Protein chains: 2
Amino acid sequence: MKSLLSNLKISVPDKIYLKDPESSKLGKRIIEHGILLIDEIGFDSFTFKKLGAKIGSNESSIYRYFESKHKLLLYLTSWYWAWIEYQMVFTTFNVPDAKEKLFKAIDVVTKTITQDDTFSHINEIVLNRIIINEYSKSYLTKEVDSENKEGYFVIYKRMIRRLSDMILEINPEYKFASSLASTIVEGALHQHFLKVHFKSITDCNDEITPSDFFKELTINAITKVT
Amino acid sequence: MKSLLSNLKISVPDKIYLKDPESSKLGKRIIEHGILLIDEIGFDSFTFKKLGAKIGSNESSIYRYFESKHKLLLYLTSWYWAWIEYQMVFTTFNVPDAKEKLFKAIDVVTKTITQDDTFSHINEIVLNRIIINEYSKSYLTKEVDSENKEGYFVIYKRMIRRLSDMILEINPEYKFASSLASTIVEGALHQHFLKVHFKSITDCNDEITPSDFFKELTINAITKVT
DNA sequence: TTTAAATTAATAGTATTACTATCATATTTG
DNA sequence: CAAATATGATAGTAATACTATTAATTTAAA
């Protein structure tokens, strides 16, 4: 995916930031080390002061890019889903068989990220861990409705709708395409979490992946003769 | 469920609290109004100081029951899952047909709570909303492994295992019973959230419930001939 | 190349949070 | 009734999540 993406810029709704972090060296350092620090100490303990110390910059300079650490999380998650969406569109493009297409899409959203080579300052492996551990916190807030109106979750919702459309391509009669799509995406993150922290309530491990589980689940859900 | 439960006490791992809130009037007020206040302002803005003001008591008195607001959340969530587990065991007891049994269990974990009548000081409708909006925050932390070792999530995991066992009763060959069970429980909370805040990525609404979706999904997953 | 504009750094300050500690006052119980 | 226990009031601390101001540095334009 590297060479194909190297000229592209993933774009994030611009209301999320005060100043585009892609537009300067400091901005990129904020993103790069923000990802590493959130992964290291967790989003709850993460502060702009600590990030400032880590990158040898000042707290107040970071506040010029993001209004709050919550906005930084929204930025990172939007970036992540835009990146996933791109891969989903790219991988399924020109695949004539609807089932093969859907399976490729499910693979994209459920797989463990193992390669970090798409964008120089963003470590996608680490960012994927942040999504698994922190994504829910970006929308489980009292402000979710107003932030949704501002468009902070458009990329995520659009990506889910693409998946839903591929489900309907196979079976236009299936009544729960959206719920199934959202369950696959959210459920895969959850299974990845469980396999690290609550092994006893998942079957996923080094051999069985969330992708295996969700592909079988999906195909049975939509092709069953009832 | 009221009369049957009225003599029972739901028990929560005792390491979660410093002093059992069931043991005093103040303790019960903390739980009762803690639930209402978290629902009202959200867990992130919730503080013991605000709760103290609301119940006409002192911040420091609340700290004598719970070490932190995080522990209070663990208490509430443990209580909730114990209550759900009780209903699950009770409702499925003596049901001979494995499929009917599983469906009853799925109903218990996925339905919207509409009655508040089991325990005087706990409003189960409001508590259910808190679980939907805040449950993930109880385990998406850096301390999850140590807290898991302390037994703070035993009830939740046991309840999921019960569900998994009922799945295996129908099809002992099914390879993903635990993952399916955990997906049903977590996924149902997620669908309830989506139907309020992100309607475009769910099919659930006033007519179609998460229960409908997950029952069909489950039965197709485990009885499909592959 | 100088000058102005923009960006970043440094410092200080505020209200709130998440507690801990101490001591006084109720309330319960033996 | 005394002693034990629970609760309340007050104070204090370090950290958080910012905002504001001013100084220093970098960049871009004339």
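As the structure is a computational prediction, the values presented were derived from the model and not from experiment.
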Open item on the list: Whether A:S60 contacts D:dT22 is assessed here as follows: a side-chain N or O lying under 4.0 Å from the phosphate OP1 or OP2. Is that the case?
Closed with: no
Open item on the list: Check A:E40 with A:K54, please: is the shortest side-chain N to carboxylate O separation under 4.0 Å?
Closed with: yes
Open item on the list: If you assign A:T47 and A:R64 each to the DNA chain D nucleotide with the nearest heavy atom, which residue ends up on the more 5' nucleotide?
Closed with: A:T47
Open item on the list: Closest approach to the side chain of B:K69, judged atom by atom: which nucleotide of C:dA18, D:dA17, D:dT7 is it?
Closed with: C:dA18
- [ ] To the nearest Å, give me how far apart CG (A:N58) and C1' (D:dT21) are.
- [x] 13 Å
- [ ] Measure from the side-chain heavy atoms of A:S57 and tell me the nearest of D:dT10, C:dA18, C:dA9.
- [x] C:dA9
Task: Gap between atoms NZ and C1', on A:K19 and C:dA6 respectively (whole Å) - done: 8 Å
Task: Between C1' of D:dT7 and NZ of B:K28, the distance in whole Å - done: 17 Å
Task: Minimum side-chain heavy-atom gap B:T183-A:F213 below 4.5 Å - done: yes
TODO: Compare side-chain N and O positions of B:Y65 against OP1 and OP2 of D:dA6 and report whether any pair is under 4.0 Å apart.
DONE: no
- [ ] Select base, sugar-phosphate, or nothing to describe what A:K50 touches, counting heavy atoms under 4.0 Å on all strands.
- [x] sugar-phosphate
Open item on the list: Side chain of A:Y63 only, heavy atoms from C-beta on: which candidate in D:dG8, D:dT7, D:dA17 is closest?
Closed with: D:dA17
Open item on the list: Counting only side-chain heavy atoms from C-beta out, which of D:dG8, C:dT11, C:dT8 sits nearest to B:S61?
Closed with: D:dG8
Open item on the list: Let's see if you can work this out: which of C:dA9, D:dA17, D:dT7 has an atom nearest to the side-chain heavy atoms of A:E59?
Closed with: D:dA17
TODO: Using only heavy-atom distances, determine whether the side chains of A:Y152 and A:T77 contain a donor-acceptor pair under 3.5 Å.
DONE: no
- [ ] Classify the nucleic acid contact of A:F66 as base, sugar-phosphate or nothing, counting any heavy atom under 4.0 Å across all strands shown.
- [x] nothing
Task: Those residues that, when tested against B:D145, pass side chain to side chain contact (heavy atoms under 4.5 Å, CB included) (two or more places apart) - done: A:H197
- [ ] Report yes or no: does B:T202 contribute a side-chain atom to a donor-acceptor pair with the main-chain N or O of B:K195 at less than 3.5 Å?
- [x] no
- [ ] Grab the CD-P distance between B:E67 and C:dT17 for me, whole Å please.
- [x] 20 Å
Task: Whole-Å gap separating P (C:dT8) and CZ (A:F48) - done: 14 Å
TODO: Round to a whole Å and report the spacing from CD1 of A:I30 to C1' of C:dT7.
DONE: 12 Å
TODO: Send over the distance from B:L51 CG to C:dA18 P, rounded to a whole Å.
DONE: 13 Å
Open item on the list: By the 4.0 Å heavy-atom rule, please label B:S68 as base, sugar-phosphate, or nothing.
Closed with: sugar-phosphate
TODO: Starting from C1' on C:dT16, measure out to CG on B:D44 and report it in whole angstrom.
DONE: 15 Å
